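All heavy atoms count here, side chains included; hydrogens, waters and symmetry mates do not. Worth saying up front: this structure is predicted, and the values here are computed from it rather than measured.
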Amino acid sequence: MPHSHLDHLYREHHAWLYGWLRRRLCKREDAADMAQDTFLGLLRSGQAEQLREPRAYLQTLAKRVLWDFWRRQELERNYLAALAELPETSAPSEEELALLSEAVLLIDQLLGDLPDKVRHAFLLNRLEGMTHPQIATHLGVSLSTVERWIRQALVHCYLANTP
């Protein structure tokens, strides 16, 4: 993709996109970062030259970036809340906390492409130790559906870690 076309899209739409994101976020810095991430997504997509409605496409990409941001924030809040419930003697050190936080974000990123129900079933199995029949009962779906979802998640994880 010629950079001049991407430069043109950036100059034409960055201020609008930043404003759109700014209205949805508390911090200007977050809106600026997400605007940049959205344009990086556009660059990676290879769609810049074919766009008929650049703002609609940018808005769709930006919504995905926002969703990921909010999901990471919720994950971090839940993680910190769980840590706050630990007795002081078993609370992790700052270094352990940083490593754990990084691991949780990597796992979330790895599973982020999975449909919500598949990710939920997989996490119930791996983190909560629930069996497939227990998950089926808990989620109100068939055992074969749970088995398909777990298989889908495992294949996804395997392929994501295969060079």
Review point. Any side-chain heavy atom of Leu61 within less than 4.5 Å of one from Phe39?
Key: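 No, their side chains stay 4.5 Å or more apart.
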
Check your understanding: Any side-chain heavy atom of Tyr10 sitting closer than 4.5 Å to one from Gln36?
Key ->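 The answer is yes; the side chains approach within 4.5 Å.
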
Side chains of residues 50-59: which donor-acceptor pairs under 3.5 Å do they make with residues two or more places apart or in other chains?
residue : atom : partner : partner atom : Å
Arg55   : NE   : His13   : ND1          : 3.1
Tyr57   : OH   : Ser45   : OG           : 3.3

Apply side-chain contact (heavy atoms from CB on, under 4.5 Å) to [X] and list each qualifying residue two or more places apart in sequence or on a separate chain.
{"X": "Tyr18", "result": "His14, Arg22, Arg28, Ala31, Ala32"}
{"X": "Ala121", "result": "Ile135, Leu139, Trp149, Ile150"}
{"X": "Glu12", "result": "His8"}
{"X": "Glu95", "result": "Ser93, Leu99"}

Got a sec, which residues hit side chain to side chain donor-acceptor pair (under 3.5 Å) with [X], two or more places apart in sequence or on another chain?
{"X": "Asp30", "answer": "none"}
{"X": "Ser142", "answer": "Ser144, Thr145"}
{"X": "Thr131", "answer": "Gln134"}

**Study point:** Value rounded to 0.5 Å, distance of OG1 in Thr38 from CG in Leu43
**Key:**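 Thr38 atom OG1 to Leu43 atom CG measures 12.5 Å (nearest 0.5 Å).
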
Practice item. Mind checking the CD-CG spacing from Glu147 to Leu143? Nearest 0.5 Å is all I need. Key: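 Here the interatomic distance stands at 4.0 Å.
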
Point to revise | The single option from Leu66, Val65, Asp33 passing side chain to side chain contact (heavy atoms under 4.5 Å, CB included) against Leu21 | key: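 One option only clears the test, and that one is Leu66.
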
Exercise for review: Determine the minimum heavy-atom distance between Ala62 and Leu17, stating which atoms define it.
Suggested key: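 For Ala62 versus Leu17, the nearest heavy atoms are CB-CD1, 3.8 Å.
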
**Study point:** Closest non-hydrogen atom pair, Val118 against Gln152
**Key:**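 Shortest heavy-atom separation between Val118 and Gln152 comes out as CG2-OE1, 3.4 Å.
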
Review point. What pairs of residues pass the salt bridge (charged side-chain N to carboxylate O under 4.0 Å, His left out) test when at least one of them lies in residues 112-124, not counting sequence neighbours?
Key: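 As it turns out, the salt bridge (charged side-chain N to carboxylate O under 4.0 Å, His left out) pairs with a partner in residues 112-124, which skip direct neighbours, are Asp116-Arg119.
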
Check your understanding: Do Trp67 and Leu111 share a hydrophobic cluster (ILVMFWY, side-chain heavy atoms under 4.5 Å, transitive)?
Key ->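 Each belongs to a different hydrophobic cluster.
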
